[in-house]
Amino acid sequence: MMSDRELCEFLQWCLPKLRLRWPGFRKVRRTVRKRLNRRIRDLGLENLAAYRRMLEADPAEWSMLDTICRIPISRFYRDKQTYDFLASKILPNCAVHACQRDHRLIKILSAGCASGEEPYSVSLIWHLRLAKDYPDCAINILAVDVDEEMLGRARTACYSPGAFKDLPADLLARGFQRTDDTYCLRVEFQDCVDLQLVDLRETVPDGAFDIILCRNTAFTYFDKATQALVSSNLDAALRPGGYLIIGAHETFPGEGQKILRLNGGSQVLRKPNIRR
């Protein structure tokens with residue numbers, strides 16, 4: 001069994017090679033330790049030092065380590081303030097502007113969607129709280145993640161009760177079908193969500209998105225150089241006047257350039273409109 005000191009030293013060695021940063025892993029390192037211990041046992045290795053030697057000798061193992069270091073913490077309506085602000089301010093404002101465009105579509109990117117809880121929360125808010133007020137508008141949510149297993153769960157769209165501790169009761173009751181202790185999202189709330197495999201360290205989907213959610217992923221776990229790349233790509237993918245939502249304790253590297261912080265929420269930023 002590895003000590004905490006051994007784990008910390010190992011992570012400080014390996015994370016930069018994966019374009020990740022040690023500070024983001026301090027509070028979640030126990031999760032990584034469990035996965036590392038399991039991998040070491042599966043490989044029949046003696047200890048963490050032996051695993052490090054294997055990494056140095058076998059470049060192919062780094063892809064497995066990258067998987068081990070993914071932290072897909074997610075649940076419905078995580079950070080209530082963010083979703084309340086989406087429902088009361090951001091989505092209605094986007095709907096007003098979308099209804100003035102020919103396609104009348106609000107385009108949303110959920111970057112780092114894990115098992116789908118974030119994009120499906122937005123879908124529930126729109127369909128059950130707002131759609132009736134904007135009958136000529138629709139939403140499309142592109143939800144991306146680097147982990148195919150997580151995306152598989154999102155496609156199934158069935159969850160245990162622990163995923164709903166923050167979700168308002170009316171959205172749970174109207175949005176899901178329950179079988180024993182499993183809640184499955186009704187198909188009509190899945191239809192607007194497109195799930196794709198994307199590594200944000202490499203690319204951000206092309207957009208002209210009205211809203212981008214990139215919370216507790218890139219600006220928590222990625223190293224500074226990769227954060228800068230992601231921020232530039234997100235900026236390029238965001239429509240003028242569009243909204244970028246990051247984690248409550250994150251900092252957007254591009255702030256002060258093209259994207260300005262709003263007073264309405266400490267983690268909500270808006271891209272200025274182009275003035276001619």
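This one's a predicted model, so the numbers in the text were calculated from it and none came from an experiment.
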Main-chain N/O of [Y] paired to [X] side chain as donor or acceptor, under 3.5 Å:
| X | Y | value |
| --- | --- | --- |
| Ser123 | Pro119 | no |
| Lys107 | Ile211 | no |
| Lys80 | Tyr77 | no |
| Gln190 | Leu185 | yes |
| Arg39 | Leu43 | no |
| Arg35 | Arg70 | yes |
| Ser74 | Ala114 | no |
| Arg201 | Arg19 | no |
| Arg78 | Glu117 | no |
| Glu6 | Ser3 | yes |

Kindly say whether the aromatic ring centers of [X] and [Y] come within a distance under 6.0 Å.
| X | Y | result |
| --- | --- | --- |
| Phe164 | Phe176 | yes |
| Phe10 | Trp13 | yes |
| Tyr183 | Tyr159 | no |

Crowded around [X] [atom1]? As in, over 12 foreign heavy atoms under 6.0 Å?
| X | atom1 | value |
| --- | --- | --- |
| Glu188 | CD | yes |
| Asp206 | CG | no |
| Lys224 | NZ | no |

Taking atom [atom1] of [X] and atom [atom2] of [Y], what is their separation to the nearest 0.5 Å?
| X | Y | atom1 | atom2 | answer |
| --- | --- | --- | --- | --- |
| His249 | Arg215 | NE2 | CZ | 11.5 Å |
| Gln177 | Thr179 | CD | OG1 | 7.0 Å |
| Phe219 | Thr251 | CZ | OG1 | 10.0 Å |
| Phe209 | Leu244 | CZ | CG | 12.0 Å |
| Arg75 | Ser121 | CZ | OG | 10.5 Å |
| Leu36 | Leu11 | CG | CG | 7.0 Å |

Between [Y] and [X], is there a side-chain heavy-atom distance shorter than 4.5 Å?
| X | Y | answer |
| --- | --- | --- |
| Leu142 | Ser110 | no |
| His97 | Asn93 | yes |
| Trp126 | Ile106 | yes |
| Ile212 | Ile108 | no |
| Glu202 | Asp199 | yes |
| Leu109 | Val204 | yes |
| Leu86 | Gln81 | no |
| Cys8 | Asp4 | yes |

Have [X] and [Y] got a donor and an acceptor in their side chains that come within less than 3.5 Å?
| X | Y | value |
| --- | --- | --- |
| Gln267 | Asp79 | yes |
| Tyr51 | Glu61 | yes |
| Asn216 | Tyr221 | no |
| Thr226 | Asp223 | yes |
| Glu250 | Thr220 | yes |

Q: Mind running side chain to side chain donor-acceptor pair (under 3.5 Å) on Ser63 and Asp66 for me, showing each step along the way?
A: CA-CA 5 Å; Ser63 62; Asp66 190 53; over 6 Å; no
Q: Walk me through it: do Cys184 and Cys158 pass the test disulfide bond (SG atoms under 2.5 Å apart)?
A: CA-CA 4 Å; Cys184 293; Cys158 292; 1.9 Å; yes
Distance-minimising heavy-atom pair for [X] and [Y]:
| X | Y | result |
| --- | --- | --- |
| Lys17 | Trp62 | CD-CH2, 3.3 Å |
| Met150 | Pro72 | SD-CB, 3.6 Å |
| Arg239 | Ala208 | NH2-O, 3.2 Å |
| Arg178 | Asp181 | NH2-OD1, 3.5 Å |
| Gly112 | Leu200 | N-CD1, 4.2 Å |
| Cys137 | Ala95 | SG-O, 3.5 Å |

**Q.** Pair Leu65-Leu55, side-chain contact (heavy atoms from CB on, under 4.5 Å): steps then yes or no
**A.** CA-CA 9 Å; Leu65 180 61; Leu55 287 166; 3.8 Å; yes
Q.
Taking Arg155 first and then Glu148, would you say they form a salt bridge - that is, a charged N and a carboxylate O separated by under 4.0 Å?
A. yes
Q. Is a salt bridge present between Lys271 and Asp210, judged by a nitrogen-to-oxygen distance below 4.0 Å?
A. no
Q: Could you please spell out the steps behind the side-chain contact (heavy atoms from CB on, under 4.5 Å) verdict for Leu269 and Tyr243?
A: CA-CA 6 Å; Leu269 302 96; Tyr243 297 86; over 6 Å; no
(Q) Please determine whether side-chain contact (heavy atoms from CB on, under 4.5 Å) holds for the pair Cys192 and Asn140, giving the CA-CA distance in whole Å, both sets of side-chain angles, and the decisive distance to 0.1 Å. (A) CA-CA 5 Å; Cys192 67; Asn140 175 261; 5.6 Å; no
